[in-house]
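Chain identifiers are assigned alphabetically (A, B, ...) following the order of the sequence lines, protein sequences preceding nucleic acid strands; residue numbering begins at 1 within each chain.
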Amino acid sequence: MLRKEWSLIVYSLMLQAAVGIVFFLLVFRLIFAGESGAGQMTSQTMNPLTSRTMGLTGLLILAGMAVSVFHLGNPFRAYRSVTNLSKSWLSREIFFTSAFFVLWAAGFLMEKYGNLSFLLIWLTLGAGVLVILSMARIYYSTGKTGWHSATTFLDFFGTPVIFGTLVSAVMLYGQRRTDGVENLLIIFSILSLFIVIARFSMQLKLVEKCLSSQEEYSMDQLVGASLPARDIIPLYRKMMIRGFFCTFAGCSLILLMMMIRIFDSGHLLIVFPAVLVVAGEISSRSSFYLIGSDES
Amino acid sequence: MADKRYGMLVDMQRCIGCHTCAIACKQGNNLPNDVWWNRVLTFGGPAMDTPHGSFPNLEMKYLTLNCQHCEDPPCVAACPAQATYKREDGIVMQDYEICLGCRMCIMACPYTQVRSYNEKNPEYYLDFQVGDAWVEKQQKGTVTKCTFCHNRLDKGLQPNCVEVCPVRARYFGDLEDKNSEVSILLATRKYTRLLENKGTGPSVFYLI
Amino acid sequence: MSDSEEKIYSCMCSGNCQSRCRLHVHVRNGKAVKTQMAPFPDSRYNRVCLRGLSHVQRIYDPDRLKYPMKRIGERGEGKWERISWDEAIDLICTRFKSYQQEFGKQSIAFSGVSGSEAYIHGAYSSYRLANVMHATQTEHSLDMSDTHGLGRVLGTGNTWNQSNDRADLVNAKTILIWAANITDSHPHDWRFVLEAQQKGAKIVVIDPRFTACAARADQWISLRPGSDPALAMAMAQVILSEKLYDTNYLLAHTVAPFLVREDTGRFLRHSDLTGVKPEKKSRDPYIVWDNQTGCGSMLDQVENPALEGSFNIPGETTEFKVTTAFSLLKKSMSVYTPEYAGKLCEIEPHIIQDLARLYAANTPASIYNGFIQYDNGVQTGHAWGILASLTGNIGKPGASVGHIGRVGHDVNFAKLFFPEGKKSTTIPWVYLKHVLKTGQFYNKAHPIKALFIYASNVVCNATNQNEILNTIFPALDFIVAADIVPTDTTKYADLVLPVCHWFEMLDIVQGPFHPYTAISEKALEPAYESKSDMDIYRMIAKGMGLGQFFDYTDEEFIDMLIDNDVARKEGLTLDALKEKKVVQTLPTCWVNWENNIFWTRSKRLEFYVEDPRPRLDCGIEIDKSREHLPVFEPPIEAWPDHPLAKKYPLVYHTVRQRWRLHSQWFGTPWLRELDPEPLVSISPKDAKKRGIKDGDVVEVFNDRGHVVLKARLSQAQRPGMVSVPKGWQRHQFIAGSYQELTTDHVNTTSYNQCFYDVLCQVRKFKTDSRDRKKNG
């Protein structure tokens, strides 16, 4: 069922992770960087961190864009995909993704050959937010029961926070202890947990909505594409529950690791939350594409 | 106001679910294997000829479903490449030469399975083209759907499905022309359109 | 490609749905690319269906028989050797000659059914050869039970010429659609029914199953399968007891006032009284009771004949005890009260009363009936005739009963079929087994050694498949099967001949479902080495030394049929056909029996049958006393009282669906995309009892055989019965065939195959691993 959708799952997760990372980069620079921030992180720490995150961001954007092409039946016509900016959210998404990439590239070069300006990070983040916004609008505007809800926005804007938290934790893992950073990550881990719980409860409600309206007998039921095929609901439920538990467990582990301050020990320990969060988000996103499909 | 707006009427009182329209479309448009632009649905269940209710208190109604050629087509808005577009006469078209195969139109369409996606090279049972000579060749990686047989209209013919209906349950014509058969029927008969609440303004009307 | 390269031919879809649609066959680069509905002069008759639009896939079916093939393995093994036409014809003629020399001329049997209803190359194509060879011909034994029952009343015998034109249905105020699923089998008639309904007519569908047509009707009456005669007779009882009948019509146009002799059961005639035999049988007047004079007199001399009563009429030598036919009818129908019949039919008595009142009062009323597929079909048809007689619902616009078959009045079949007179022997298919077993027909030796099957897939379509394969075929030394594609039948033949598709040969086609006669042009060259039916007979005739009878082209044969004054008067000539393609040979909306002159001996509606005879004469006597008027006989098998009903509690229907015509179109890919596999339809109630879920593989079986297929739970199915779709080939089932279960019981009155008179049981089928794999 998701055979045709895998590239979209990967693309959306990668782009959202990229936006999340840029967001955290901005936050860290705002709060902790020597000059304007609280000064907890010296440029010795900050610069390699910035460089690594920028590298990862670029990798994610590029890979995401490359993978997304696999979704097209005619990849060589992809250049035409921005010709309907006035109406099509997909056109806009592709446009903003390109803008996101260009701004990132500028930032990357600036970082390499000079100093990365705050304005550029702000602009990059802005483009990233627009990518996510148009991405969410694409699905929201189809009117499908599984997509036409606030869940889509929570999901698409929540994933960057979750991935951002994870990536920050990974990046800072093994660094010298800085209480401020850990405290910030504690806050974001808790925020991630809230997002995961909220998303899960909204998904449960969606299932209910999809099931309850299927009992009726009407013309709209027969010809409408908004409801998922009934027989995919159990699979959806399975995927979304799996997604919830993995991401929840992953975020909890990050929280725990921050709280007991085990940054310096157990180098491989961070693999657990990382694997859990990535698996959880893939599962959750797969369920998202599943419930919008009316193919059985 | 446009000079012309093509519309199709399907009389649900008359339709007997015989599938002649579906086959006429399949043949006339040389549709690839497993592609159907016009399908016959039965109320009561996903299986064909499924009545609603329980024996002997039953009813059975059929509904033929093709592209609704909406006045405000969500597919046109969704298409990033303008491969899906609406003609002056209201026909919603799919340009195989431009289509990226992103399937946004399929996702955006509120009606189920009126479009088909040629994931692979279209396959046919026969090694030569059947149906009308002027039918556009289908391509791999593009989306296809009902065109109201636009090439037939240009030649003054009716769409394939309308021409053949054994019970005369299908009508086609200009909705803007107050004297056309379709306008007269709409003025005199009760009708419904599919998913009116979506605000798409379909050009296919179901007489009830 | 420009349109000018496309050539359009006028062809006729000549299958046995009898709709006879005119098609335009579009040909590009020598290939048929499209079949399209073509116009008739009156657009009301324009018609086509999903099958007619799928011919391209039949013409270019990769499985088409390509050249003559001789069996080299065992029968049915599927091992063949390609041979030339010369070898094939030589083989046929050598065998035919030796059989005819050793066992007599009748030892060759030709067996065709309805593969094509065109006149030259279709179902009738062998008649000429069979007759000049003095061979045997099998008669199809299909759809003939109610036809015979109603035919007795109308005097129409073995023809289907009973009803009005279907377009005349629009004039009816009541239409009873009885045992017919019009929306699947005759979709083109449905719009006439709809038009009547829109004008206020009441449409009642009488069918055990719920169909699309039942869904659209004003009323649907689900009756117990096989109880149709009880319902019809109960309607007659209501009409009689409530005096809803049309006395004037009964007296003027039926045998109601005729006096039936108690001793012989025959109508009293003038010669009975005088004792002098008349010069001509037809000049022997019927005697009726004159109410004014109080004595029996000749029909044409009595102004006010008695409708009811028993009388003693003195003759020259003896006194005759007589009763009017009407009184006898009244008496025999009196048993069938709505209460009694209601129990048989499982219908509320008041529904039967209302139905009878509707039919008698809301006139004109038409009965649009299908073919009764139970053993008791003769009674049903007879009872329909009684209903029409009582109410006068016949011979008027909107009033009609029975099948449609008014064709051939302008065609000289005799000239084509019987160049030397009728010389072949006709044996009903259902009786063939007995002839083969005993070697006798009509008390005379009648060995049959060879069977030539054409325009027919008899193994798939005739009842009791296992008997055909295990008794009939083994009794034959040589079986030839001519067909377009391989079928269940060609598989078991010794020699297979490839036949042209309909559009690869020239032919002539007539209604009856439209009032036209049309030419069917040769649009395409024959595919591969296939030959037209008539070309095959031309070659065989030459080999048999009978070539002089076949020295005619197809055109000349067509001309032979229509070169007569009746046809000429209608403008039906070969030139007209070639120029206009379609010639109107009947009026639109024609009304049958408008002058109330029927084809019976008395020219009246003979609802009392004075001399009941079997439909075909096989030299077997019948009990006439039970057939003057109908008596309810339960179906021979499909009835709860039957001893087998405990073991096999479900009635088994083999239904005709829109996806095939009999077995034709069984492999057409477009249709198979929509209808990929056979499914047995079972009511959820019956399924639950057997632990069967939707999609389960089940075995439907009885003592005769079985079929294994997936189950489809459907509320449309009346509990107590199952339906399996007709026409699938053996290889399309998981195992067995739908036709293994049906009975080859011989009814010596109707000689009709009773497809629905069958009991069965259903159980879950335990698939082996191979089957599981196959079913995913």
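Within the 4.5 angstrom heavy-atom criterion, only backbone atoms of B:A78 (N, CA, C, O) approach chain A. Using a 4.5 Å cut-off between heavy atoms, A:S141 does not touch chain B at all. The part of B:Y96 that comes within reach of chain A is its backbone (N, CA, C, O), which places non-hydrogen atoms under 4.5 angstrom from that chain. Of the two parts of B:L100, the backbone and the side chain both hold a non-hydrogen atom closer than 4.5 Å to a non-hydrogen atom of chain A.
The heavy-atom pair separating A:A225 from B:C109 by the smallest distance is CB-O, 3.7 Å. When all heavy atoms of A:L72 and B:Y117 are compared, the pair lying nearest together is C-OH, 4.3 Å.
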request  = Report the C-alpha distance between A:Y139 and B:M107 in whole Å, list the side-chain angles of each, state the deciding distance to 0.1 Å, and finish with yes or no for side chain to side chain contact (heavy atoms under 4.5 Å, CB included).
outcome  = CA-CA 8 Å; A:Y139 299 103; B:M107 282 205 260; 4.0 Å; yes
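You'll find the side chain of A:K4 reaches within 4.5 Å of the side chain of B:R103, heavy atoms only. When side chains are defined from C-beta on, B:P80 does not count as touching A:T83, because their heavy atoms never get closer than 4.5 Å. Contact of the B:T142 side chain with the A:R77 side chain is registered, since non-hydrogen atoms from C-beta on lie closer than 4.5 Å.
Between the OG1 atom in B:T112 and the CG atom in A:L227 there is a gap of 10.0 Å [rounded to 0.5 Å]. Rounding to the nearest 0.5 Å places NZ of B:K198 at 4.0 Å from OG of A:S226.
At most 12 heavy atoms of other shown residues, nucleotides or ligands fall within 6.0 angstrom of atom CZ in A:F70. In the displayed structure, B:Y124 atom OH is contacted under 6.0 Å by more than 12 heavy atoms of other residues, nucleotides or ligands. Under a cut-off of 6.0 angstrom, the local environment of CZ in A:F95 is sparse, with at most 12 non-hydrogen atoms contributed by other residues, nucleotides or ligands.
Of the candidates A:L8, A:L90, A:N74, A:L90 is the only one forming a side-chain contact (heavy atoms from CB on, under 4.5 Å) with B:C102.
Judged by distance alone, with hydrogens and angles left aside, the side-chain atoms of A:N84 form a donor-acceptor pair with the main-chain N or O of B:V76 at under 3.5 Å.
Ranked by heavy-atom pairs under 4.5 Å with chain A, the list B:A83, B:A108, B:P110 is led by B:P110.
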